[in-house]
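Below is one structure, written out as structure tokens; comments come after it.
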Amino acid sequence: MARKESRIAPGWWDYTTLDNDILDAAAALAADDLLGLSRDGFRVTFYDTVQEFYAAEALEYIEAWQQATPESPAGLCGPIGPVEQLPIVAQIVNAIGLSLKHAHFWGMDEWVKDGKTVKPDFPLSFKKADMDLCFSRIRPELRMPEENMHFPDIDTKPYVESWDKARCVIMQGGQGEVKHWAFNDPPQRTGQFIDNPPSPAEYRRQGTRLIDLHPLTMIQNARTSGGGRVQDVPHQAMTVGPRETWKAECVSIWHRGLDDNPLGVRLTAYMIAKKIPDTAVPMSLLADHPNVRFNYLRPALGTCELRI
């Protein structure tokens with residue numbers, strides 16, 4: 001039996017195609033209920049201030065890079081969104097004199113225009129943000145070698161192979177309004193997936209790839225990064241895949257109250273905690289990852305109450 005149609009984009013799968021019972025259960029969760037969702041393999045943590053939140057996020061970079069040795073290089077896969085942690089990362093590296101000689105970094109994604117990944121001079125370039133906000137602020141003698149910095153490109157082979165050159169201690173990210181990590185958006189409702197989305201197993205077989213962005217993702221990025229200029233947001237991107245994600249020893253998601261709404265940040269925690277993976281809600285597939293952290297800025301949790 002075909003599932004209900006999306007209330008946002010009828011040609012796509014997304015969270016509005018879920019049973020209302022799941023959506024209503026998530027909407028009913030109070031803050032303390034979220035804390036109670038922690039289980040083996042899934043940990044929920046609250047931070048009471050913005051300062052604590054971004055400091056803790058930055059420290060994940062430091063803790064990962066401190067594990068890097070000549071014999072066992074190690075690193076972190078990091079997002080653009082949030083970005084507030086990036087200058088703090090550089091400040092800590094400089095303050096403690098942490099050499100990044102054997103450390104690695106994987107960028108999560110990059111925009112694609114006219115069949116090519118955008119250059120670092122593109123205003124929305126993710127590589128540009130990483131360099132400007134973090135890596136270029138690190139003292140030259142401490143900086144990571146260029147060959148240890150990996151960003152996805154149309155030719156995916158170098159990026160994919162880099163995941164076998166070092167341990168990824170942590171994959172860090174935010175959550176978009178379409179419930180993605182990186183740009184792992186829900187699939188389009190076409191072909192064999194007209195009546196039902198692909199199975200979690202099918203989705204997880206995907207590696208780093210070129211993807212078409214869900215309309216909600218384009219709207220979100222226009223809102224958060226372009227003053228609403230949807231016409232200037234690319235409709236395609238390269239993104240790290242589930243295959244690489246499952247090579248990360250830990251996946252750490254940071255909910256700051258800006259990228260998704262009160263229902264969304266509850267829904268994915270509920271589905272992961274209850275082990276309800278569904279590819280219409282890509283973040284829910286982390287229900288099958290052995291080590292996932294959800295980190296919330298508590299004052300930004302909001303409410304799902306209907307009101308004017």
For this session: Quick one: do F105 and F135 satisfy ring-ring contact (aromatic ring centres under 6.0 Å, His included)? Show the steps, please.
Result: CA-CA 10 Å; F105 175 79; F135 292 103; 5.0 Å; yes

Exercise. Between V265 and L301, is a side-chain contact (heavy atoms from CB on, under 4.5 Å) present by the stated rule, with each step listed?
Worked result: CA-CA 8 Å; V265 300; L301 269 172; 4.2 Å; yes

Exercise. Can you find a side-chain donor-acceptor pair between E110 and S125 that sits under 3.5 Å?
Worked result: yes

For this session: Start with the C-alpha gap between R3 and L18, add the side-chain angles, then the distance that decides, and say whether side-chain contact (heavy atoms from CB on, under 4.5 Å) holds.
Result: CA-CA 8 Å; R3 281 169 47 165; L18 293 173; 3.9 Å; yes

Exercise. Just by distance, do the side chain of Q175 and the backbone of G264 share a donor-acceptor pair under 3.5 Å?
Worked result: yes

Exercise. Between M283 and I253, is a side-chain contact (heavy atoms from CB on, under 4.5 Å) present by the stated rule, with each step listed?
Worked result: CA-CA 10 Å; M283 186 72 79; I253 305 299; 3.9 Å; yes

For this session: Compare every heavy atom of L86 with every heavy atom of I80, then report the nearest pair and how far apart it is.
Result: CD1-CD1, 4.3 Å

Problem set entry | Between T217 and E177: side-chain donor-acceptor atoms closer than 3.5 Å | no

For this session: Would you check if the side chain of T16 reaches a backbone N or O of R7 as a donor-acceptor pair within less than 3.5 Å?
Result: yes

For this session: Looking only at non-hydrogen atoms, find the nearest pair between A64 and A74 and report the distance.
Result: O-CB, 4.1 Å

Exercise. T239 side chain to F183 main-chain N or O, any donor-acceptor pair under 3.5 Å?
Worked result: yes

Exercise. For A273, does its backbone N or O pair with a side-chain atom of R39 as donor and acceptor, under 3.5 Å?
Worked result: yes

For this session: Could you tell me whether the side chain of F53 reaches within less than 4.5 Å of the side chain of R256, counting heavy atoms only?
Result: yes

Exercise. Pairs in or reaching into residues 208-246: which pass ring pair (Phe, Tyr, Trp, His ring centres under 6.0 Å), with residues at least two apart or in two chains?
Worked result: W12-H214, W246-H289

Exercise. So with a 6.0 Å cut-off around NZ of K275, is the heavy-atom count from everything else above 12?
Worked result: no

Problem set entry | Any side-chain heavy-atom pair of L76 and V169 under 4.5 Å | no

Exercise. Is the cationic atom of R243 (NZ for Lys, CZ for Arg) positioned less than 6.0 Å from the six-membered ring centroid of Y203 and within 45 degrees of its normal?
Worked result: no

Exercise. What's the verdict on salt bridge (Lys or Arg N to Asp or Glu O under 4.0 Å) for K127 and D121, showing C-alpha distance, side-chain angles and the deciding distance?
Worked result: CA-CA 9 Å; K127 182 176 182 179; D121 60 354; over 6 Å; no

Exercise. Linking I/L/V/M/F/W/Y whenever their side-chain heavy atoms sit closer than 4.5 Å, directly or via other members, would I88 and V50 fall into one cluster?
Worked result: yes

For this session: Following the transitive rule for hydrophobic clusters with a side-chain heavy-atom cut-off under 4.5 Å over Ile, Leu, Val, Met, Phe, Trp and Tyr, establish whether W106 and V89 coincide in one cluster.
Result: no

Exercise. Are side-chain N/O atoms of R209 and Q206 paired as donor and acceptor at under 3.5 Å?
Worked result: yes

For this session: Spell out, yes or no, whether V112 and V160 are grouped together once hydrophobic residues are joined by side-chain heavy atoms under 4.5 Å, including indirect joins.
Result: no

Exercise. Do other residues, nucleotides or ligands put more than 12 heavy atoms under 6.0 Å from the CG atom of D114?
Worked result: no

Problem set entry | Shortest non-hydrogen contact between L29 and L37, atoms and distance | CD1-CD1, 4.0 Å

Exercise. Are E5 and R189 ion-paired here, with the side-chain N under 4.0 Å from a carboxylate O?
Worked result: no

Exercise. If you count the non-hydrogen atoms of other residues, nucleotides and ligands that lie under 6.0 Å from CD in Q66, is the total more than 12?
Worked result: yes

Exercise. Only one of Y47, W181, F294 forms a ring-ring contact (aromatic ring centres under 6.0 Å, His included) with W254, so which one is it?
Worked result: Y47

Exercise. Under 3.5 Å, is there a donor-acceptor pair between the side chain of E244 and the main chain of T208?
Worked result: yes

Exercise. What are the two closest non-hydrogen atoms of A300 and G257, and how far apart are they?
Worked result: CB-CA, 3.8 Å

Exercise. Between S6 and D14, does a side-chain hydrogen bond (donor to acceptor under 3.5 Å, both in side chains) hold up when you go through it step by step?
Worked result: CA-CA 6 Å; S6 167; D14 56 56; 2.5 Å; yes

For this session: Taking the side chain as every heavy atom from C-beta outward, state whether K113 and F122 have any pair of such atoms under 4.5 Å apart.
Result: yes

For this session: Mind checking the OG1-CE spacing from T245 to M108? Nearest 0.5 Å is all I need.
Result: 6.5 Å

For this session: Say whether, by atom type as modelled, one donor and one acceptor occur between the side chain of R143 and the main chain of S136 under 3.5 angstrom.
Result: yes

For this session: Test E60 against S252 for side-chain hydrogen bond (donor to acceptor under 3.5 Å, both in side chains), laying out the working first.
Result: CA-CA 9 Å; E60 287 191 338; S252 184; 2.7 Å; yes

For this session: Kindly give the heavy-atom pair with the smallest separation between P152 and T117, and that separation in Å.
Result: O-CG2, 4.0 Å

For this session: Calculate, to the nearest 0.5 Å, the distance between atoms CG and OG1 belonging to L35 and T45 respectively.
Result: 8.0 Å

Exercise. Are the aromatic ring centres of W13 and F193 under 6.0 angstrom apart?
Worked result: no

Problem set entry | Co-membership, hydrophobic cluster, residues V292 and L59, 4.5 Å side-chain | no

Exercise. Taking N148 for the side chain and A103 for the main chain, is one N or O donor matched with an acceptor at less than 3.5 Å?
Worked result: yes

Exercise. Is the shortest heavy-atom distance from the side chain of Q172 to the side chain of C77 under 4.5 Å?
Worked result: no

Exercise. So do the side chains of R266 and L34 get within less than 4.5 Å of each other, counting heavy atoms only?
Worked result: yes

Problem set entry | Aromatic contact, H150 with Y159 (centres under 6.0 Å) | no

Exercise. Checking N291 side chain against F42 main chain: does a donor-acceptor pair fall under 3.5 Å?
Worked result: no

Exercise. Using 4.0 Å as the upper bound for N to carboxylate O, is an ion pair formed by R167 and E249?
Worked result: yes

Problem set entry | Side-chain heavy-atom pair V251, R293 within 4.5 angstrom cut-off | no

For this session: Would you name the heavy atoms of M238 and T156 that are closest together and state the gap between them?
Result: CE-CG2, 3.5 Å

For this session: May I ask you to test the P197-P186 pair for a side-chain heavy-atom distance under 4.5 Å?
Result: no

Exercise. Is the CD atom of Q231 crowded by more than 12 outside heavy atoms at less than 6.0 Å?
Worked result: yes

Exercise. When rounded to the nearest 0.5 angstrom, what is the spacing between NZ in K4 and CG in D19?
Worked result: 6.5 Å

Problem set entry | Y296 and F46 aromatic ring geometry - parallel, tilted or perpendicular at 30°/60° bounds | perpendicular

Exercise. Do you know which of D259, V233, L124 makes side chain to side chain contact (heavy atoms under 4.5 Å, CB included) with N221?
Worked result: V233

For this session: Begin with the C-alpha distance, continue with both residues' side-chain angles, and end with the deciding distance and a verdict on side-chain contact (heavy atoms from CB on, under 4.5 Å) for K179 and Y15.
Result: CA-CA 8 Å; K179 324 308 173 216; Y15 68 99; 3.5 Å; yes

Problem set entry | Side-chain donor or acceptor of T69 paired with backbone N/O of S72 under 3.5 Å | yes

For this session: Indicate if V83 and M149 have the same hydrophobic cluster label, given that clusters are the connected sets of ILVMFWY residues with side-chain heavy-atom separations under 4.5 angstrom.
Result: yes

Exercise. Ignoring hydrogens and geometry, is there a side-chain-to-backbone donor-acceptor pair from N94 to R139 under 3.5 Å?
Worked result: yes

For this session: Indicate yes or no: at least one non-hydrogen side-chain atom of W111 is less than 4.5 angstrom from one of L213.
Result: yes

